[in-house]
Structures are given as C-alpha cells and as structure tokens.
Amino acid sequence: MQTILTEDTNIAAALIRAGEVVAFPTETVYGLGANIFDEAAIQRIFQAKGRPSDNPLIAHIGRLEEVTLLAKVVPKMAQQLIERFFPGPLTLVLPKQPTISLLATAGLDTIGIRMPRHAVAQRFLQACGMPLVAPSANLSGKPSPTTWQAVQADLEGRIACILQGEQAEVGLESTVVDCSREAPVLLRAGALTLEELQAVVPTTRRLQSVNNEPVRSPGMKYKHYSPHARVEIVTDMNSLSPPANAAFIGLRAPNASFTRVQRCRNLSEYAHLLFWFFRACDEARVEVIYCEAVEERGLGLALMDRIKRAAHQ
Ligand code: TXA
Ligand code: MG
C-alpha cells in the first residue's frame, strides 16, 4: 500500500470516509484514526499497529455535541471536567452508547472520549464528520510518535495516509480518567495533572492496584514506550559512570561523558522531547539511555510513569 503524505485535511478526511486509516497530529502524540462506525476500518487499525485486540481505543471528537453520540450517560463530575478541560489532553472513560462497536472498546461497556485542542486535528475531525477511534500511531510496543516522520518510520506502507503537522507540543499521551463510577479515577497520568483535575473535582484519586480487581485500563498492562536501547533511571547525578555508547536526557548537565546529551529547560520540554529522543537514540544505535529522575508531582508524574515503563520497572 502506498502511504500518502499530505497537509490537506480534506484529502485525509476523504480517505477516512472511504474506510481507510489515517495518521494525524494532535497536541499529545500522533494518532491513527478510523471511522468509529466502520468495523472493517477499526480492524485495520489493529492490523496496522500489530495491536492486541483486548486493548481499547479512544474516540476522538471534533465537536462537543458528539459526547452524547458516544456516552450513554454523562455524570456531573464528567460534565465538570468537560467544561473545564475539553478540548485538551484529557480522555474521559464513560458508559458507552449501544451503537458503539465492542471492537472499538475491546469488549468493555465503557468508551474513552477525547477532544484534541490541536487546530489541524480539529479541522480534520470536523471534515470527517464523525468521531474517530485513534490509538497512538506507532507500531505496538514502540514509543508513541511525536513527529510525522516517526509515524512514517513505523507505519509506511501499512496505512493509507499521514496528515503532516508539526512536532507534537506535549509529547506524552493524554491523561485518562475513569468517570464511569462514583468518583473520577486516574487510569493514566498525562499532560493534564492530577492536581489540575482535583482542583475541579476534589474526589479524583489515583488508581490503587487491588488484587483480584480486573484491570481497569487494559493498555497499562502492556510494555510500552520502549526504545531498543536500555533505559537507566538516574537518581544520583554524582554517581554516573556510563559505558562508551550512552546518551543522557534530563534537566541538569551530567558530569560524565556521553555521546549524546539532551538538556531540557523544564518539565514541559522534558516531556516534549522524551519520545523523540528515544527514537533519535535508536537511530544512532545508542546502547543505553540515562534519564534523570524527577519528582512525581504535576507533569513529573506522567514523565516518570513513561520513563519507568521504558526502563521496565
Ligand atoms: O494522547 C492520547 O491519548 C493519544 C492521542 C492519539 O489522542 N492516544 C493514545 O491512545 O494514547 P492509545 O490507544 O495508545 O492509548 C489508550 C489508552 C490505553 O491505555 C487504553 O487501555 C486506555 O487508554 N483506554 C481506552 N479506552 C478505555 C476504556 N474504555 N477503559 C479503560 N481504559 C481505556
Ligand atoms: Mg499507544
């Protein structure tokens, strides 16, 4: 299959309406979209990514009104979060409408809903005219793509089109919050912080892993975000002794010698560059990537979640 590269949202939307899958930019990471009402197209997403079929997809909307097309009920807590944070890097898990295919939700009776704030994503979704299911546009097991070139490296020849945009602003996937029960539960940390959520709905809490409880966010059980290189977490900047072919990313300058160093001005820049850096290091055949640990607060919670997964912790 030839993969069309375009900046034209109308060309990309026409392909979606013809039942194809299309990668598109959002503010978090690039997504791989398909018409939520077309089961054959949804199937193509799982094929293209090599994604296990028990991992549910997020529905992306271009208009707020579409929430009720997807969700059977919108409890007050969800309404409050929508009013404050849509459009943005937030996915809300809500009871699904019976019209939504179980293929999209991996058999669950809930659906994740997100409205990206990225201008190109909004124009594209509106041109499609229906919600799209979209996982991150990487091969399963690879870091999420933050540039169209990273999408191309993974999926060229496997998908119909890449809608080209700039490097994703946030660089980490959306915050996933389950609003299908009594109080909001954070299933995946992301750009929107727990503290920001709690400022709107104070009862919002982190997921406690309880024995025997079925996994509430199936995606979180998979090994994600791993580069080929080994990832080491740096908690003591004074005891670095890297081997010959090693790279470093963090906030402070390391006082050891690395083949590649990425210093970030702040947490946002660290998040913005992390997945891109993983891929760049793999291309340069770096063997070990040292990531400076940060405090697990604010954006640091999502950043450390992704770094720990990459380090298989
Ligand atoms: O930022 C993002 O969320 C990106 C962009 C493209 O929007 N998308 C993304 O999708 O990261 P994906 O498929 O790579 O990750 C979706 C996550 C998985 O961990 C999945 O298990 C969880 O959301 N999820 C989706 N639907 C769910 C549901 N109904 N219940 C619980 N977890 C759900
Ligand atoms: Mg993903």
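All values below were derived from every heavy atom in this structure, side-chain atoms included, with hydrogens, water molecules and symmetry-related copies excluded. Each ligand, and each atom within it, is numbered from 1 in the order the structure gives. All of these numbers come straight from a predicted model, not from anything done at the bench.
Close approach of ligand 1 to Asn55 is summarised as follows: ligand atoms under 4.0 Å from at least one heavy atom of the residue are 18 (C), 20 (C), 21 (O). With ligand atoms numbered from 1 in the order given, ligand 1 contributes 1 (O), 2 (C), 11 (O) to contacts under 4.0 Å with heavy atoms of Glu173. The Ser136 neighbourhood of ligand 1 comprises atoms 8 (N), 9 (C), 10 (O), 12 (P), 14 (O), with distances under 4.0 Å to a heavy atom of that residue. The Leu57 neighbourhood of ligand 1 comprises atoms 26 (N), with distances under 4.0 Å to a heavy atom of that residue.
Heavy atoms of Lys49 found under 4.0 angstrom from ligand 1: none, in either backbone or side chain. For Thr28, every heavy-atom contact with ligand 1 shorter than 4.0 Å involves the side chain, none the backbone.
Residues passing the side-chain hydrogen bond (donor to acceptor under 3.5 Å, both in side chains) test with Glu182, sequence neighbours excluded: none.
Note on ring orientation: taking the six-membered ring where Trp is involved, the planes of Tyr290 and Phe258 are perpendicular (angle over 60°, cut-offs 30° and 60°). Aromatic ring orientation, Phe124 versus Phe24: tilted (interplanar angle from 30° to 60°).
Atom 24 (N) of ligand 1 has its nearest heavy-atom neighbour, among Ala59, Ala168, Pro56, Pro145, in Pro56.
Residues Arg114 and Thr26 are in side-chain contact: their nearest non-hydrogen atoms beyond the backbone lie under 4.5 Å apart. Glu169 places none of its side-chain heavy atoms less than 4.5 Å from the side chain of His118.
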Side chain to side chain donor-acceptor pair (under 3.5 Å) between Ser174 and Thr28, worked out: CA-CA 6 Å; Ser174 64; Thr28 55; 5.7 Å; no
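Of the N and O atoms on the side chains of Thr6 and Asp8, not one donor lies less than 3.5 Å from an acceptor on the other residue.
Of the N or O atoms in Arg188, one or more lie within a sub-3.5 Å distance of an N or O in ligand 1. The shortest N or O to N or O distance between Tyr30 and ligand 1 is not below 3.5 Å.
Proximity of Thr105 to ligand 1 is not established, as no heavy-atom distance is less than 4.0 Å. Under a 4.0 Å heavy-atom criterion, Lys96 is not in contact with ligand 1.
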